[in-house]
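No experiment lies behind these values; they were computed from the predicted model shown.
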Amino acid sequence: MEAGPSGAPGAQNPPPGWYPDPSVPGAQRWWDGTRWTEHSSAPQPAAVARPTVQQSRQWALFAHLSAFAGLLIGLNFLGPLIIYLVKKNEDPFVADHAREALNFNLSVFIYLLGGGIVAVVLTLVLIGILLFPFLFAIAIAWIVLTIVAAVKANGGETYRYPLTIRFVS
């Protein structure tokens, strides 16, 4: 006597239907009410886990705030770049925020680098000293705008930084 879907030989047989195949884990097999038939379905691949809304918001928040961590090595765009490359195909919300953070931080990096070079060169003729407060204002604006973008991302909103060159689209 063949064991049914309940697993016990001789137990009261369940009604006909699809049940987990006892010989192939993950597959299903047709039980006709008295015995297993040759009809079976292949094991289904595991479903791809979709990120939750909270996880998406956290990754978007990290995309913006990771620029601060990048300052430890002098490359503020490195954190957003890493998050963009890792998450761009998984979640459109995270990809959008990481792309925006990457573009903004690349822009700020270029603005500060170019402005710093011009300020140092012009300092030789004394007028460059006037540019240092301007560079300080750019740095303060970078901090404030990054925090605003992080708060918006955590709230599930999109945010577009001002004066950003769109390197990555």
Side-chain angles (χ1 to χ4, degrees), residues 18 20-21 23-29 40-169:
W18 290 100
D21 190 338
S23 60
V24 181
Q28 294 210 341
R29 196 165 168 192
S40 64
S41 66
Q44 299 298 316
V48 177
R50 302 286 307 168
T52 65
V53 172
Q54 187 60 34
Q55 289 171 333
S56 294
R57 290 179 179 184
Q58 285 177 342
W59 275 108
L61 171 82
F62 296 152
H64 294 288
L65 295 182
S66 65
F68 293 134
L71 279 181
L72 295 175
I73 59 172
L75 300 173
N76 61 333
F77 58 87
L78 194 58
L81 174 63
I82 291 169
I83 291 176
Y84 177 70
L85 292 175
V86 170
K87 295 289 185 179
K88 69 179 179 181
N89 295 328
E90 293 179 23
D91 189 341
F93 181 74
V94 175
D96 184 49
H97 276 276
R99 185 181 315 108
E100 188 66 21
L102 175 59
N103 285 329
F104 177 68
N105 284 288
L106 280 170
S107 299
V108 169
F109 181 77
I110 290 170
Y111 298 152
L112 289 175
L113 183 66
I117 291 171
V118 169
V120 168
V121 170
L122 290 179
T123 299
L124 299 175
V125 289
L126 298 179
I127 194 145
I129 294 173
L130 299 174
L131 290 177
F132 286 106
F134 179 70
L135 293 175
F136 182 73
I138 291 174
I140 296 298
W142 172 73
I143 292 169
V144 170
L145 290 172
T146 300
I147 291 171
V148 167
V151 169
K152 295 280 188 178
N154 197 41
E157 302 174 45
T158 58
Y159 183 75
R160 296 288 175 246
Y161 288 100
L163 303 174
T164 299
I165 304 167
R166 306 283 175 210
F167 294 105
V168 181
S169 57

Report yes if some heavy atom in the side chain of [X] is under 4.5 Å from a heavy atom in the side chain of [Y]; otherwise report no.
X      : Y      : answer
Pro162 : Leu145 : yes
Asp91  : Trp59  : no
Asn76  : Phe68  : no
Thr123 : Phe132 : yes

Given 3.5 Å as the limit, does a donor-acceptor pair link the side chain of [X] with the main chain of [Y], or not?
X      : Y      : result
Asn103 : Phe167 : yes
Asn105 : Ala101 : yes
Ser107 : Ile165 : yes
Thr52  : Gln55  : yes

Exercise: identify the closest heavy-atom pair between [X] and [Y]:
X      : Y      : value
Tyr159 : Ala149 : CD2-CB, 3.4 Å
Pro80  : Ala63  : CG-O, 3.3 Å
Arg29  : Ser23  : NH1-OG, 3.9 Å

message: So that I can tick it off, tell me whether Asp96 and Arg160 are bridged by a salt bridge, with the cut-off set at under 4.0 angstrom between side-chain N and carboxylate O.
response: yes
message: Taking Glu100 first and then Lys152, would you say they form a salt bridge - that is, a charged N and a carboxylate O separated by under 4.0 Å?
response: no
message: Between Phe93 and Val53, does the side chain to side chain contact (heavy atoms under 4.5 Å, CB included) criterion hold? Intermediate values first, please.
response: CA-CA 9 Å; Phe93 181 74; Val53 172; over 6 Å; no
task: May I ask you to check whether over 12 heavy atoms, not counting those of Ile127, lie within 6.0 Å of atom CD1?
output: no
field: Between Trp142 and Tyr161, ring centroids under 6.0 Å
entry: no
message: Below 30° counts as parallel, above 60° as perpendicular, anything between as tilted: where do the rings of His64 and His97 land?
response: perpendicular
